[in-house]
Amino acid sequence: MTRDKVPTLQEFVEGLEKRNPGQPEFIQAVKEVAEGVLEHVRDHPRYNDHQILERLAEPDRVISFRVCWHDDKGHVRVNRGYRIQNNNAIGPYKGGIRFHPTVNQSVLKFLAFEQTFKNALTGLPMGGAKGGANLDPKGKSDAEIMRFCQSFMSELYRHLGEDVDIPAGDIGVGGREIGYMFGQYKRITNRYVGVLTGKGMEFGGSPIRVEATGYGAVYFMEDMLKRVNESLEGRTCIVSGSGNVAQHAVEKILALGGKPVTLSDSSGFIFDKAGISTEKLAFVKDLKNNRRGRIEDYAGEFGAEFHARARPWTVPGELAFPCATQNEISADDAKTMLSNGVVAVAEGANMPSTLEAVKLFQYARIKFAPGKAANAGGVAVSGLEMSQNSARITWKEQELQRLLRDIMQEIHDRCQHYGGVAGEANYIDYVKGANVGGFVKVADAMIAQGIV
Ligand code: NDP
């Protein structure tokens, strides 16, 4: 058999750009993976024979649809909904739904691609997908959100199933939205199945699903530090975001003795020199989850600094947890963080660091955990929610806490296994480790299943 030549990174990216014009986020995500994986493919030519990377970078299916709904004034509103089913080699499609005005095909393709690797790293049988709509949920009433979710699900339901595709929450989609979408799925299909995760505890949800992503990111940080006999104890932590992931990252940082001092939202960030305590965090949870207010209110309540239209990366600290959104750490931010003493970054959000920022962190040899590894705790517990739904039981919280801790440790160890750097016994390239670790599992399953 004649073997195809393994492309150089440049050749691969040129083809990718040609096939995906106007999709910068998707190209960024695939490029980062290709960098580490092409090296591995060169040493294992069967992956090139089967064109695995090329196939992974072409989603199985891109679904786009119109979402019409009535606002409270009776006006008809029109949005665009999507579901990207990237790959189901190791299990049914699984990945969140995002409601945010920045949602487009490029953003969701990048997220679905990342999700494929992330899900593989958890060790659970889940393929990769992502979905959402370009809806801005800010200022919408509960009734408007309900009508939107119902309309969204009226089209999406035909592409879902407990053994086909199981969405979860993401930015702008929490327990309220999952509840409305579950209700509509049940009404249309007359089936009571675990077709969504992140459900309320009264109707099939799992203990600690809400906490899992933020907790998991902090566990990953703990494992990176433990490897070099360090801990979070007494260390200043810079956190961005103030939603689900950020809130629970702060909660776990506090439990492990760290000192979180920042939080942000799309209007700016707060810097609390005294530290964000458990009581102050309770205020943030109420503000964001119940009152749906702005983080600026924290500054008024506790006398902290508020910096409008800025991100928290100028604040000195040792450990960073970006937990808001993609590309929130630019190259300039990374330089500032390094000169301010940041020694480790664990990404709670998906791709919060630009490619240039990642390169700077790697060049400086700080510990850097990419989102697909560090934030995999959420989807891991979603996978466990699926198992509980199939068996129609609910496990005890303590058991799930233990499973989450073990899974994060296994992900760390898998990254370490594939992330070694020749001649540098003390340095782990967690980016390469996560990319190659996730790739190998999906690739071997794809080869076993033939050219499909
Ligand atoms: P939430 O909607 O609960 O919170 C998102 C936070 O990020 C809010 O504080 C929001 O501020 C801020 N934010 C969103 N977009 C922007 C923007 N363009 N610029 C500045 N700030 C922004 O979402 P999650 O906490 O669930 O998700 C946060 C990140 O974590 C995302 O990248 C998501 O993909 C990732 N993630 C989430 C998982 C989960 O289980 N929820 C699992 C794995 C990854 P504002 O309210 O002002 O918009």
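Just follow the structure's listing: the first ligand is 1, and inside any ligand the first atom is 1.
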Check whether any heavy atom of Gly214 sits under 4.0 Å from an atom of ligand 1.
-> no
Does at least one non-hydrogen atom of Glu328 fall below 4.0 angstrom from an atom of ligand 1?
-> no
Would you tell me which option among Ser267, Pro352, Ser266, Ala249 has the nearest heavy-atom contact to atom 47 (O) of ligand 1?
-> Ser266
Can the ring centroids of Phe439 and Tyr418 be said to lie less than 6.0 angstrom from one another?
-> no
Contact check: Gly172 vs ligand 1, nitrogen or oxygen atoms, below 3.5 angstrom = yes
Does the gap between the ring centers of Phe271 and Phe306 come in under 6.0 Å?
-> no
Centres of the His412 and Tyr219 rings: under 6.0 Å?
-> no
Aromatic centroids of Tyr430 and Phe220 separated by under 6.0 Å = yes
Who's the nearest protein heavy-atom neighbour of atom 25 (O) of ligand 1, and how far?
-> Val245 N, 3.0 Å
Based purely on interatomic distance, does Asn375 place a nitrogen or oxygen under 3.5 Å from a nitrogen or oxygen of ligand 1?
-> no
pair Phe99-Phe148: side-chain heavy atoms closer than 4.5 Å | yes
Hey, does Cys149 have a side-chain heavy atom less than 4.5 Å from the side chain of Ile145?
-> yes
With distance as the sole criterion, is a donor-acceptor pair present between the side chains of Asp429 and Gln362 under 3.5 Å?
-> yes
Under 3.5 Å: N/O of Thr102 near N/O of ligand 1 = no
Tell me, which protein residue and heavy-atom name are nearest atom 28 (C) of ligand 1, and how many Å apart are they?
-> Ala324 O, 3.3 Å
Among Thr325, Thr197, Val284, Asn289, closest by heavy atom to atom 18 (N) of ligand 1 is Thr325
Hey, are Asp72 and Arg147 close enough for a salt bridge, meaning a charged N less than 4.0 Å from a carboxylate O?
-> yes
For atom 9 (O) of ligand 1, what is the nearest protein heavy atom, given as residue, atom name and distance?
-> Ser242 N, 3.0 Å
Protein contact to atom 33 (C) of ligand 1 [nearest heavy atom, distance to 0.1 Å] = Asp170 OD1, 3.1 Å
Please state which part of Ser264 comes within less than 4.0 Å of ligand 1, counting heavy atoms only: side chain, backbone, both or neither.
-> backbone
Charged N to carboxylate O under 4.0 angstrom, Lys285 versus Glu251?
-> yes
Considering only the protein, which heavy-atom contact is closest to atom 27 (O) of ligand 1, and what is its distance?
-> Ile171 CG1, 3.6 Å
Which protein heavy atom lies closest to atom 15 (N) of ligand 1, and at what distance to 0.1 Å?
-> His100 NE2, 3.3 Å
At under 4.0 Å between heavy atoms, what of Gln326 touches ligand 1? The answer is neither
Would you mind telling me if ligand 1 is within reach of the side chain of Arg209, the backbone, both or neither, using heavy atoms under 4.0 Å?
-> side chain
In terms of side-chain geometry, is the basic nitrogen of Arg402 or Asp406 positioned less than 4.0 Å from the acidic oxygen of its partner?
-> yes
Ligand 1 contact by Arg98, heavy-atom criterion under 4.0 angstrom = yes
Select one of side chain, backbone, both or neither to describe which atoms of Cys323 lie under 4.0 Å from any atom of ligand 1, heavy atoms only.
-> backbone
Atom 39 (C) of ligand 1 [closest protein heavy-atom partner, distance rounded to 0.1 Å] = Thr213 OG1, 3.4 Å
What is the closest protein heavy atom to atom 48 (O) of ligand 1, and at what distance does it sit?
-> Lys138 NZ, 3.0 Å
Pair Arg405 + Asp223: basic N to acidic O under 4.0 Å = yes
For the ring pair Tyr192 and Phe182, is the centre-to-centre distance below 6.0 Å?
-> yes
N/O of Lys118 under 3.5 Å from N/O of ligand 1, yes or no?
-> no
